[in-house]
There are 2 protein chains.
Amino acid sequence: MIGDFDSIAGSKRSLHVQVAREIARKILSGELAQNSIIPSEIDLCEQFGVSRTALREAVKLLTSKGLLKSKPKVGTKVVERAYWNFLDSQLIEWMDGISDNDEFCSQFLGLRGAIEPEACALAARHATIEQRMKLSEIFDKMCDIAKADVFDQEQWTKFDTQFHSLIFNATGNVFYLPFGNILTTMFANFIHHTSEDGSTCIEEHRKIYSAIMAGNSEKARAASAAHLLTVKDKYPA
Amino acid sequence: MIGDFDSIAGSKRSLHVQVAREIARKILSGELAQNSIIPSEIDLCEQFGVSRTALREAVKLLTSKGLLKSKPKVGTKVVERAYWNFLDSQLIEWMDGISDNDEFCSQFLGLRGAIEPEACALAARHATIEQRMKLSEIFDKMCDIAKADVFDQEQWTKFDTQFHSLIFNATGNVFYLPFGNILTTMFANFIHHTSEDGSTCIEEHRKIYSAIMAGNSEKARAASAAHLLTVKDKYPA
DNA sequence: CTATTTTTATACATACTATTTAATAACAAC
DNA sequence: GTTGTTATTAAATAGTATGTATAAAAATAG
C-alpha cells in the first residue's frame, strides 16, 4: 500500500501541495512564461481534478513564495523571476531536475562561500553553551564515522548537515537562521557526497570546530573558507 | 450578516493575508509559544470573524513560510523558530515593531556585509548589457539627487534601493536574486535614511558603480565592503 | 467622451463528507 | 498482573461542492 507508484493524488503529501508543486515546476521550467496569465480556477480544477478550495490553497502557497499573483477579473499571473524566493527550502526542493544539477550546486556554493565563513565567525562569538555542547556531540560522531573501517555515507551526510546547520543557528542572527534549512535541503536533494569526503574533510571540520569552541572568530572564518575551497574543487566553474 | 464586532475587516489587503499577519505577529512576538498548539480552525474562525476558507488559506500561507504545521487530530502547531523563514520579504514586513529596530537593522547589516560585496563582484563579471545600462540610468539619477539644492530623501531611497537591488539581479546567481527584494523591504520598512546620506555616500556608490561597469570584480567587492563599513557606523554594536 | 451597465474573474462564506491519527478500550499471550 | 497487539472511537484537519460578494475590465448608452 505504501510502495505503489506516485501516480496521481493519494500519494505522499497533501493535495494542495502536490498541485502547488506541479504548477511551480511548470513555472520554474519556463513552461508557464513569466507575466503570463495561467488558466482560470475552474479550468485548473478540471485539469488537476481537484476542488476549487484545494486549488486556491495551492495558488496561495505559490503566491506566498513569490511565483504567482492574483487579481479579480484579470486572473492569476506568473510574476517575474526576480521576485521568486529561491531561498525557500520547499521551492529549492521543487527545482529538482529543472536546471542543470552541477550548475545549481555551483551557484549555491557561490552563496555559501560568501555566507558560511561569516556564520562561523559569528558562531564563535555568539554560540550558547548548549549549542557548543551540541556541536561537540555532533563533531564526535563525525569523527567516529570518519575513523570507522567502512564509511557510512548516509550517516556522514546526516551529521555533516547537522554540523553546518547548527553553526547557522548559533550565529544569534535571525537572518542567518534560514540557511541551516536551505543547506539541509541542498544536502538532501542535490549535493551527493562521495565516500572519500569523510576521511579528507574531517580535519577541515576539526579546524572549524576548534576555532568556534575557542571563540576565535577570525580562525573560524578562515577555516570555513578553506573548507569551502576544498568543496569547490569538486564542481566545475 | 456576520461578525459586526469585526476584528479585522476594513483594511486594505485581502482577508486571508490580514489574518495571516495577525497570527504571524503573535508567533513572532512569542505570544504564541513555539511548539504550542494554536486554537482549532473553528475557534479561530470565530475569534477573527472570518470563514473557514479564509482562515485555512491564512494557515497555508504561514505553513509555507515555516511558521505553522498542521496534522489531523493533533491540531496546528507553531513550528520552532529555527525553521521560520526570515528571508521572506512578507515575513520581514510583519516583524515591524516586534523586535528592537536598531538590533534588527544591525543583524541585517551583519548579513548584508557578508553577501553584498560578493554580489558586487559577481555583478561586475556577469551583468548583462541591459543590466549595465539600467544601472547607469539609476546611478545618473542618484547623482542628480545628490547634487540638487534640496535633498529629496524619498527619491534617494527609491533609487538607492533600485541600485542595490539591481546588483543582486545582475549576479547571474539564483540564490542571490531574493536579496534584492529583501533589501527593498528592509529599506522600505526599517532603514530610515537621513538627509546627509546622499552627499556622503554618492562617491562610495560611484566607486561601486565604476568597478562593476569596468568588470573589475575585486575592486567592486572592495568598494562595496567599504561602503557597508560607512553604513555600519550609524548603528550601535 | 463620460457615465453606467454588464461581464467575468477572483475573494469569501457556508455546509457537508472524508481522512488522518491520538487515545482508549478490548483482548490475547506470557 | 503485565505486556503487547488489535479494534474502536473521537477530534482535529483535509477536501468537496456550491453559493454569494466584490473588483476590475470591457461593452454600451447617453
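A note on names: the letters A, B, ... follow the listed sequences, proteins ahead of strands, and every chain is numbered from 1.
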Test your reading of the model: is there a side-chain donor-acceptor pair from A:Gln107 to the backbone of B:Asn173, 3.5 Å cut-off? no
Whole-Å distance between D:dT13 C1' and B:Ile38 CD1? 11 Å
Under 4.0 Å, heavy atom to any atom of DNA chain D: which of residues 55-66 of chain B qualify? B:Arg56, B:Lys60
Expressed in angstrom and rounded to an integer, what is the separation of A:Gln18 atom CD from D:dA14 atom C1'? 12 Å
Rounded off to whole Å, could you give me the CD1-to-P distance for the B:Ile42 and C:dA13 pair? 16 Å
When rounded to whole Å, the CZ to P distance for the pair A:Arg52 and C:dT14 reads 15 Å
Donor on one side chain, acceptor on other, A:Ser64 and B:Lys65, under 3.5 Å: yes
B:Asn85 side chain reached by A:Asn85 side chain, heavy atoms, under 4.5 Å: yes
With respect to the phosphate group of C:dC12, does any side-chain polar atom (N or O) of B:His16 fall under 4.0 Å of OP1 or OP2? yes
B:Lys77 NZ - D:dT13 C1' separation (whole Å): 15 Å
What does A:Thr53 touch in the nucleic acid at a heavy-atom separation under 4.0 angstrom: a base, only the sugar-phosphate, or nothing? base
For nucleotides 6-12 of chain D, give me one character per nucleotide, 5' to 3': B if any protein heavy atom sits under 4.0 Å from the base, S if the only such contacts are to the sugar-phosphate, - if neither. -----BB
Should the ring pair B:Phe163 and B:Tyr209 be called parallel, tilted or perpendicular, given that the plane angle runs from 0 to 90° and is split at 30 and 60? tilted
Just by modelled atom types, is the B:Trp94 backbone N or O under 3.5 Å from a matching donor or acceptor in the B:Arg25 side chain? yes
Rounded distance in Å - CD (A:Glu46) to P (D:dA17): 12 Å
To the nearest Å, give me how far apart CD1 (A:Ile37) and P (C:dT8) are. 16 Å
Let me know which of A:Val59, A:Val50, A:Leu61 forms a side-chain contact (heavy atoms from CB on, under 4.5 Å) with A:Val19. A:Val50
For B:Lys26, check side chain to side chain contact (heavy atoms under 4.5 Å, CB included) against everything at least two apart and list the hits. B:Glu31, B:Leu32, B:Gln47
Between C1' on D:dA23 and CG on B:Leu15, what's the gap in Å once rounded to a whole number? 15 Å
Please state whether the rings of A:His205 and A:Trp156 are parallel, tilted or perpendicular, taking 30° and 60° as the class boundaries. perpendicular
Is the distance from the ring center of B:Phe86 to that of A:Phe175 below 6.0 Å? no
